[in-house]
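Here is the structure we will look at.
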Amino acid sequence: MLSILSEGFILGLSTGFYCLTSCLPALVPYLLSEGDKVWKTNFDIFLEFLSGRFIAYFLFAVVSTLIGKAYKPYLPHWVAPLAMLLTAIAMLAFLFTSRGGHPGKGCAMQFSPFYKRIPLALGFMTGINVCPPFIAAFVRLVELSDMTAGMFYFTGFFTATSILILPAIAPTPFMNDRLKNIGRMTLAIAGVWYLLLGIKGLAAAL
Amino acid sequence: MKIHVKSYLTDRENFLPAVAFCVAVFGPVAFFSRRITGVGLNAFYPAAWSAFTALAAFFIFYTRRVSFYRRIFFSGLALSFLVHFKLSLLSKIFDSSCFKDTPFCHIAIASSFFNYMYQQYLALMSGDWRLWGPLSLAFAWLFFTLVIGRAWCSWACFYGGIDDGLSSLPKKALVKTGALAGKFRDFPAALLIFLLLISLAYMLPVYCLWLCPLKMTSAFLDPGDALIRKVQLGLMLFALVILLAGPLLTKKRTFCSFLCPFGAWQAFWGRLNPFRVVVDEGKCNACWECFDSCPMFAIRAGHDGKPEVSAYCNLCGECLAACPSGGLRYSVFGMKVGDVKTGFGRLLNPESFLVFSALVTGGTFGALFAPAALKDIFDILLRIATSY
Ligand code: SF4
Ligand code: SF4
């Protein structure tokens, strides 16, 4: 089992660069705008993001196995753009209601669990846009056709790719109001970008 | 009016040092310009461009009006880029001497920097030395950053030249921009972070394809998707308005201050460069003329209620000219060194070092397109003359 774990880990390490490219545009702006000087806060956001990603990956495995498309992770074409659109809306809604995180002003943020789950949604969205390394891992997972071995393999893969995303929290201890403001503007740009791509993807899929 | 040639030739206070400075700038610019243009272009064109740069050096030194003559040089550089780039896009008659491919300018290089790093990583892994080109570009950028840093944006960048030239045209600002500056001055930094990440995600120069106002021709638009094409065009048009109308309405460099990701990039890395503009506490009487004059919104209130120059300063020299009490000066790492007022000693002032470095860099960079633009203009004139 250890060899299966390390096999997944090595695949993750060698191909995880692609994970960076799809995950960082969503994670970094959020971390910059909502992160803190305190490592723990940033790490919580990071973990929540990874959980979202993990859920998306896990769903893929289950859904694809259930519907028998064993060699190709399967989802209807409109799911990924819809997820993108929803996340974009969540990002923008978050921005407009949180008002820079000043206490008392962002009421919606303090009451609604929805706003506390933004990193989860971002992670889920980036997870749903399957990247080449994930497909490679998935094919191997199906080959193994053993639930326990698959879990080990997948854990190794997931851990390695997560390590590659870890540097995203590096700048957060230097956070100050100015950097947070820059992060919020970046989040707004990324939100609009995803909104556009989501609409475009949906229009093409429907 | 009689010109006293003899008195000029013996003027060791101003004229002769200015000539020496002019020659010092002409030498390297002429050398590099000839190397860059190669034998494909008549030697007259790079020589003319070098002479133009050297004349700017002469007048800056002789009159001490840094920003005024800098602007003439800078706008000339930008105009020559526009002439050559646009003409080579519009017509095959003007065979482009430098844009064989999509031009990849410094703005795109900064915003696609992670892509370069990735390419270098691939080159490292494959051991293929031919793939090391991007690294050479990175070295070129590092070299320029060490030599002139943020001054690139006021002495060499063709976008900056357009923005700067236009901002100097109106007598008064029609639109006040104070509030805007407070809120959005850091927007280019946000745009830079986004572009760095998204360019990496798509492995594309996203700035070039979506925002560059100089690329408003169908050649660069997405051929496959009408919606994306419209958005690209809309964004490019928006950037063009910020570049052209913004400075005319506000008398500020709106594109450089609110949109250009390279400005943010250089503000960060420019700290490596030794040149600074500093406020002389003893001379400043807090009249805030400098604040109004700065086209880059780079002057803000310091803790003592006196102005403070931020990292966004790109050493244009406007505030130096605006200050009634001579309260601002160029310096090296903010150090106070003796400021020689006349004679050959002036050549060793921080200001002379900065102007020399900036003009040699700007002149050399301009050699990529300015001599070719001169040829384009000459060809057009020849065509007009022969058609009559
Ligand atoms: S213009 Fe000169 S004197 Fe006036 S505030 Fe600026 S540095 Fe001080
Ligand atoms: S602070 Fe002075 S030198 Fe710097 S950009 Fe503003 S006007 Fe130019």
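Here is how names work: the chains are called A, B, and so on, in the same order as the sequence lines, proteins then strands, and each is numbered from 1.
- Contact annotation: the side chain of A/Pro25 never approaches that of B/Leu200 to less than 4.5 Å [non-hydrogen atoms, C-beta and beyond].
- Heavy atoms from other residues, nucleotides or ligands lying under 6.0 Å from CH2 of B/Trp269 number 12 at most.
- With a 4.5 Å cut-off on side-chain heavy atoms, A/Thr186 and B/Phe187 do not count as touching.
- At a 4.5 Å heavy-atom cutoff, B/Leu192 makes no contact with chain A through either its backbone or its side chain.
- Separation of atoms CG (B/Leu227) and CG (A/Leu196) is listed at 5.5 Å; rounding is to 0.5 Å.
- For A/Leu197, the part sitting under 4.5 Å from any heavy atom of chain B is the side chain, from C-beta outward, and nothing else.
- The distance from the CD1 atom of B/Ile193 to the CG atom of A/Leu32 is 5.0 Å, given to the nearest 0.5 Å.
- Residue A/Ile182 holds its CD1 atom at 4.0 Å from CG of B/Asp186, rounded to the nearest 0.5 Å.
- A 4.5 Å side-chain heavy-atom check between B/Phe184 and A/Met185 finds at least one atom pair inside the cut-off.
- For chain B, no part of A/Leu187 is nearby; none of its heavy atoms comes within less than 4.5 Å.
- Atoms CH2 and CG, on A/Trp193 and B/Leu195 in that order, are 8.5 Å from each other to the nearest 0.5 Å.
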